[in-house]
Structure formats: C-alpha cells, structure tokens
There are 2 protein chains.
Amino acid sequence: MAKTGDAQQRGERPRQAGSQSRASDVEPRWLNSDELAAWLANSAIMISLPAALDARMQRESQMTFFEYMVLSVLSEEPDRTMQMSALATRTSASLSRLSHVVGRLEKRGLLARSRIPGAGRRTNATLTEAGYDVVVAAAPGHVAAVREYLIDSLEPRDLAALRRIGAAVDAAIHREPADPARAATAHVDVPAP
Amino acid sequence: MAKTGDAQQRGERPRQAGSQSRASDVEPRWLNSDELAAWLANSAIMISLPAALDARMQRESQMTFFEYMVLSVLSEEPDRTMQMSALATRTSASLSRLSHVVGRLEKRGLLARSRIPGAGRRTNATLTEAGYDVVVAAAPGHVAAVREYLIDSLEPRDLAALRRIGAAVDAAIHREPADPARAATAHVDVPAP
DNA sequence: CGCCAGTTATTGACGCATCAAGTTCGAGAA
DNA sequence: TTCTCGAACTTGATGCGTCAATAACTGGCG
C-alpha cells in the first residue's frame, strides 16, 4: 500500500503500524501522524488553491493565473518591458512555456515582442496600452482572491510561518542539481500490510 | 503595476488610480509587506513544489503525481476498490478528469472498472495485482520526495503551522455558495450501497 | 576568414485537463 | 405505465504545458 495517501479520513485503523510510536522518530521512510497531517494539509495549498485561483481569474478576467502573472510582472517594470528569459525566471516558467503564452498574449494585442539588436537572439516583451489596461482592471479581483482564499484567514504567526515554509521549500527544491547517489538508494523494501 | 506585485513594499500607495475600485467604495486592500512576502513564499509551494514532485514521479516511476494518488488511495481500501465518485472526491478531482485518468490506467492494466449492478450508473474502480505492485514500488520514492522537498526541512512549529494553514485554505475555498451558474462540486462522501 | 560552441528563443508533436454535451440508469410523479 | 428528473459516468473538442528538436545569433579559436 501506498503511503502518503490518507486512510484516516474515516478514522478507521491507523495504518502504517508502529511508525509513529518510534520514539526517536528517525524513520526516514514513512510519515508519522503529524507529518502526514501536514502533508495532507499541504495538498489543499498545492492542489485546491491554484485551481480556485485559476477558476476565479478565468471567470472574472478571462485570463489564466499564469497569464496574469506575466502581464503583472511586466507592468511593474519601469518601461513595462522585460527580456524573455528574465521574464521566464521571474514567473518560474520554462522559456518554452513562456514563449507559447507570450505568443498568445501578443495575438490578443496585450503585449509585443521585439528583438534586441546586436545581442544574439535576445528578445524583449513589452506591455501594450491595452495590456496595461487589462492588468489594471484585473488586479483588484486578483488581490481580493488572494486575500479571501489565503491571507485573510491566517493569523500573524501563520503568516510568518508560511514565509519560512515557502523559503524552505524553495531551498530544498533548488539545491542539488543532480545527485547520482540518491537515484540508487531511492528504493527501499516495503513492509507488507 | 499590477497587483500582487509589490508597490506597497514600503507602505507606499498603490499607484494606479482607482480605475476599478468602484465596488462599494471600499477599495480592495492591497497587500502589505508581510502579506506580500507570505504570498510570494506561497508561490513556491503552489507552483514549484507540484512541478518538482511531478517531475520526480515521472522520472522515477513513470507516472503522474495524480495517477499515483489514485492508485495509492485505492491501495489503502480494504478491498482495493472504490466507487468512481468517491475516488474523485478523495483525490480532489472532477469526475471527468478521473474518468479519463482511470481509463488510461485501465488500459495499462493497473486497475479495472466494473458497474455496480442495480445501482444506477455507479461504477467501481479496483486495483489489479499489477497496479498494487506498481504502487508499492513507487511509494518509497514518493515518500522520500515529500520528505526531501517539504517535511524534513520544517521545524515542528512550522509543521504544525502548515496544518493550520492548509485547513484554513480548505475552509476558505469551500465556503462561498454564492455564484450563479455553478453549484456542483461541494461534496461530501458518498455512502456505499 | 571560416567554423564551432554557447546563448537565447521558437516550434511541433503529444499528453493531459477542462468544459460542455451526451449516455445510462433508478425513482418518483402523473 | 409512461414521463421526467436527477445522479453517476463517459466522451469529444479544445487549449495549455512539456519535451525534444530547431533556429538565430554572437564570439572565440585556429
């Protein structure tokens, strides 16, 4: 059986035997009940939140959450312009994804691309007036959604914790470019049910 | 300048005239610096974490994070079986999405569907032996990833905070009945026949 | 000078998600 | 009985994301 799943939903038997009774708790394989609860709670943030924000953005502003991010980031530059690769980094997207999205936004007239002369293949994306108006119109709804779904329901201490957690996750994901040793150790025997 | 961006970093005000604040004259509050930091940190959890987990699942176990969830949930049922709609609820997915995914998993021989006789159109999904083996093989890697990217880098107090935050988000998203046009999806588990 | 190597960006194919129908069945109303 | 409604799924079209090429340049090397 698998793991992280859940099973407690119904309060029935506490799966994963002994794992949480280990005092030292240095059991690297499975999750104890506190960890499991945290992981399940995390799913709400990881899965439901983006879905909710996306749905709402779509409904209220006819654009994707990601499209909004792109336009928004551009709108914050002094000249409403940014190089594609920088924009990709800023929005945590692959250059490929960004290129597709920017292509669509360009077709909609919300931004324009232009090659930077004498600089390899570098390209700038610039927000148009129409694009700017669209972001400005969408912004209040976006902020409202962020507040409603997340910020406003957190106490100050949890707001602070969220900052630390985000930072930790970011660090954990970005450290280690490639660890050859781990691939081999990834598998461990599974106890039978 | 658009929204969540920054701008008030320093408590300064949102440039951008009230083009849309007309709603009840209560201008939507912007985010102050603490809130903004929390929101940005949250992006790591909302965007980078799922991407990292998905990539790793794909690489190590040739399956999607979501596919793993489906198989995993089934594997925890006493008879490795669950009704489609219940499975959809359990995995926070639409019935449509689940149907597509289950169709693929069935084609791969990892599970099987069967109509429940005399019960409307109800359908059960059951894990096959092969499916069970696959989940068991994938589980350790999954747990390792969850630990590595999230759990292990959190102090106990943040682990607890994460639980509260997840619960808060979940509550915030699921309240709000208001909204014409869409009323489905608020759901409670379905009792077995 | 000509070429190779390294960046930076675009493209196309393909998989997966979503949305709007469509299908199938049971149950209660007429 | 027959109608209609609603629940539980499935299906197909469409659009976005990803991965693996490919393209467009610049600069350095020989």
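Letters go in sequence order (proteins before strands), and every chain restarts at 1.
- Side-chain to base pairing of His100(A) with dT18(D): one donor and one acceptor N or O lie within less than 3.5 Å of each other.
- Phosphate proximity of dC19(D) to Gln58(B): absent, as no side-chain N or O sits under 4.0 Å from OP1 or OP2.
- The side chain of Arg104(B) has dA17(C) as its nearest neighbour among dA17(C), dT10(C), dT23(C).
- Taking 3.5 Å as the limit, the base of dT10(D) and the side chain of Ser96(B) contain no donor-acceptor pair of atoms between them.
- Nearest-nucleotide mapping onto DNA chain C: of Thr123(A) and Gly118(B), the residue sitting toward the 5' end is Thr123(A).
- Of the candidates dT10(C), dA20(C), dA13(D), the closest approach to any side-chain atom of Ser99(A) belongs to dT10(C).
- The phosphate of dA9(C) has OP1 or OP2 within less than 4.0 Å of a side-chain N or O from Ser85(A).
- No side-chain heavy atom of Asp79(A) sits under 4.5 Å from any side-chain heavy atom of Thr126(A).
- Checked against Met84(A) for a side chain to side chain contact (heavy atoms under 4.5 Å, CB included), the options Ile116(A), Leu98(A), Thr89(A) give a single hit: Leu98(A).
- Interface remark: the Ser94(B) side chain does not form any donor-acceptor pair with the dC19(C) base, using a distance-only criterion of under 3.5 Å.
- Closest to the side chain of Arg115(A), out of dC9(D), dA24(D), dC19(C), is dA24(D).
- Each of Met84(B) and Thr64(A) was assigned the nucleotide of DNA chain D with the nearest heavy atom; the assignment lying further toward the 5' end belongs to Met84(B).
- Look at CD on Glu106(A): it is 14 Å from P on dA9(C), rounded to the nearest Å.
- Scanning both residues, Arg115(B) and Gly120(B), for their nearest heavy atoms gives NH2-O, 4.3 Å.
- The separation between Ile47(B) atom CD1 and dC16(D) atom C1' is 15 Å, rounded to whole Å.
- Between dA7(D) and Arg121(B), no contact under 4.0 Å exists linking OP1 or OP2 to a side-chain N or O.
- Nearest-nucleotide positions on DNA chain C place Arg97(B) closer to the 5' end than the other of Arg97(B) and Gly120(B).
- If you measure from atom CD of Glu67(B) to atom C1' of dG15(C), you get 10 Å, rounded to the nearest angstrom.
- Distance CG (Leu98(A)) to P (dT18(D)): 12 Å, rounded to an integer number of Å.
- Protein atom CE of Met63(A) is 14 Å distant from nucleotide atom P of dC16(D), rounded to whole Å.
- No side-chain donor-acceptor contact under 3.5 Å links His142(A) to the backbone of Ala138(A).
- Between Arg113(A) and dT10(C) there is a side-chain N or O to OP1 or OP2 distance below 4.0 Å.
- Side chain of Asn32(A) to main chain of Glu35(A): a donor-acceptor pair is present (N/O by atom type, distance under 3.5 Å, no hydrogens or angles).
- For Leu95(B) and dT10(D), the CG to P distance is 7 Å, given to the nearest whole Å.
- Between the CZ atom of Phe65(A) and the C1' atom of dA17(C) there is a distance of 18 Å, given to the nearest Å.
- Residue Lys107(B) contributes atom NZ, which lies 13 Å from atom C1' of dC16(C) at whole-angstrom precision.
- Taken to the nearest 0.5 Å, the CD atom of Glu77(B) stands 11.5 Å off from the CD atom of Gln83(B).
- Distances shorter than 4.0 Å separate none of the side-chain N or O atoms of Arg122(A) from OP1 or OP2 on dC25(D).
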